[in-house]
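Read through the structure below, which is laid out as structure tokens, and then see the notes.
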Amino acid sequence: MIRQFVSKLFGRLAFVNINPDQVVAVGASVQAALKGKNAAFKEIILTDVCPYTLGTTVSVKKAYGYYETGHFLPIIERNTTIPVSRMESLNTIYENQKVINIEILQGESRLSKDNIYLGELNIQVPPCPAGEQAVDVRYTYDINGILEVEVTVVATGKKTSVIIEKNAGTMTKEEIAQHVEALSYLKIHPREDHKNMLVIARGERLFQQSLGLDRHRIAELLKDFEDVLEKQNLKEIEEYRKKLKEIFRTIDDREDF
């Protein structure tokens with residue numbers, strides 16, 4: 001039944017000549033060698049990914065102006081290469097709102113109630129008009145199944161965090177703290193990375209020096225790069241940054257000539 005289903009799904013006959021027990025054994029040995037940094041795997045690139053989407057609950061503004069809660073906001077999407085750290089900014093929606101509730105969820109459904117509840121944080125914010133207070137919600141997930149959720153109140157800078165383990169009790173508090181500390185290099189938004197800042201600064205300089213179509217093109221490229229930065233996909237950012245550097249070098253050489 002499985003062979004028939006897979007063949008129908010992909011439109012070709014399923015290849016079934018590999019022993020499934022052997023596949024599992026080889027996969028486990030490869031993972032062990034990678035974690036142990038075995039020298040024999042120097043030429044092999046195999047990445048771990050986040051198996052399920054991780055996110056939080058948000059309220060969505062409806063047609064008649066009221067807010068409907070219970071909608072799922074993905075922060076780290078499934079199949080994202082780990083370790084990874086992603087951030088989203090959320091705002092208050094009510095007048096003089098004092099608390100922002102951050103539900104931590106796992107799943108793929110559009111509505112929060114259909115996903116798996118992992119925990120929550122209740123964040124105190126200064127009462128202000130609706131929309132004026134914001135929190136930065138950062139999810140950091142590593143190869144050991146440790147999820148750190150850190151929430152920062154933008155107005156005060158106060159941070160609140162919680163650690164959720166995939167297999168609770170398998171590591172000591174000290175080991176967890178070491179793993180979280182090791183991921184600190186990820187906890188910076190790509191727009192604040194000096195490599196990306198340098199490329200943007202170079203583009204701004206070329207925009208000021210250029211005229212006409214060149215100026216329009218540079219503005220479009222910078223806008224697209226800023227959009228890529230907001231996605232926080234490091235591989236995509238690196239590829240686009242290389243593209244920009246090459247284009248800017250060409251423009252610079254032409255200006256020098």
Side-chain angles (χ1 to χ4, degrees), residues 31 34-35 37 45-58 71-91 100-109 112 115-125 134-197 226-239 241:
Q31 286 295 325
L34 285 171
K35 290 197 112 179
K37 295 181 172 59
I45 298 176
L46 186 63
T47 59
D48 281 277
V49 298
C50 183
Y52 301 104
T53 299
L54 298 166
T56 188
T57 298
V58 294
H71 290 260
F72 182 57
L73 172 69
I75 295 180
I76 298 177
E77 299 205 74
R78 72 176 186 277
N79 294 330
T80 299
T81 302
I82 55 176
V84 63
S85 186
R86 296 277 169 85
M87 186 188 78
E88 290 286 345
S89 295
L90 304 177
N91 294 77
I100 296 179
N101 175 256
I102 305 297
E103 279 191 332
I104 304 162
L105 303 171
Q106 170 188 291
E108 310 302 331
S109 297
S112 297
N115 293 316
I116 298 173
Y117 173 86
L118 301 178
E120 65 182 275
L121 291 169
N122 289 307
I123 308 301
Q124 302 287 331
V125 295
V135 294
D136 290 335
V137 182
R138 178 174 291 280
Y139 280 33
T140 305
Y141 189 71
D142 83 339
I143 193 172
N144 300 288
I146 297 175
L147 171 63
E148 181 194 30
V149 178
E150 183 181 73
V151 183
T152 304
V153 180
V154 175
T156 64
K158 183 179 179 180
K159 297 180 184 289
T160 306
S161 64
V162 64
I163 302 290
I164 297 173
E165 299 177 70
K166 181 179 180 181
N167 300 307
T170 58
M171 287 188 286
T172 65
K173 291 183 178 180
E174 290 75 17
E175 289 173 330
I176 293 173
Q178 288 175 0
H179 284 296
V180 171
E181 178 63 28
L183 297 173
S184 59
Y185 74 97
L186 290 172
K187 299 177 184 179
I188 176 173
H189 198 286
R191 63 172 172 262
E192 298 171 4
D193 187 314
H194 74 280
K195 291 180 290 187
N196 299 326
M197 293 173 68
E226 288 169 349
D227 291 341
V228 171
L229 293 178
E230 289 304 314
K231 295 179 184 177
Q232 303 177 63
N233 185 318
L234 299 183
K235 183 179 180 181
E236 188 177 351
I237 290 170
E238 183 178 358
E239 291 175 352
R241 185 174 64 238

Separation between [atom1] of [X] and [atom2] of [Y], rounded to the nearest 0.5 Å:
X      : Y      : atom1 : atom2 : answer
Thr140 : Leu147 : OG1   : CG    : 8.0 Å
Gln106 : Asn115 : CD    : CG    : 8.5 Å
Arg86  : Leu186 : CZ    : CG    : 10.0 Å
Ile82  : Asp48  : CD1   : CG    : 5.0 Å
Tyr52  : Thr80  : OH    : OG1   : 14.5 Å
His189 : Leu229 : NE2   : CG    : 7.5 Å

Using salt bridge (charged side-chain N to carboxylate O under 4.0 Å, His left out) as the criterion, list what pairs up with [X], not counting sequence neighbours.
X      : result
Lys187 : Glu148
Glu77  : none
Glu238 : Lys242

Side-chain ([X]) to main-chain ([Y]) donor-acceptor, under 3.5 angstrom:
X      : Y      : answer
Asp142 : Asn144 : yes
Tyr139 : Gly55  : yes
Thr53  : Arg78  : yes
Asp136 : Thr152 : no
Thr56  : Ile104 : no

Out of Glu150, Arg138, Gln232, which residue meets the side-chain hydrogen bond (donor to acceptor under 3.5 Å, both in side chains) rule with Ser85? Arg138
In this structure, which one of Asn101, Val149, Thr57 forms a side-chain contact (heavy atoms from CB on, under 4.5 Å) with Glu120? Asn101
Val125 and side-chain contact (heavy atoms from CB on, under 4.5 Å): which partner among Thr156, Val153, Val154? Val153
Kindly check if the number of other-residue, nucleotide or ligand heavy atoms within 6.0 Å of CD (Glu192) is above 12? yes
Leu118 versus Leu54: any side-chain heavy-atom pair under 4.5 Å? yes
Tell me, do Ile102 and Leu90 make a side-chain contact under 4.5 Å, heavy atoms counted? yes
Looking only at heavy atoms, the pair that brings Tyr141 and Pro51 closest together is OH-CD, 4.3 Å
Shortest non-hydrogen contact between Ala134 and Asn91, atoms and distance: CB-ND2, 3.6 Å
Working note: Ile188 + Met87, criterion side-chain contact (heavy atoms from CB on, under 4.5 Å); need CA distance, chi angles, decisive distance, verdict. CA-CA 9 Å; Ile188 176 173; Met87 186 188 78; over 6 Å; no
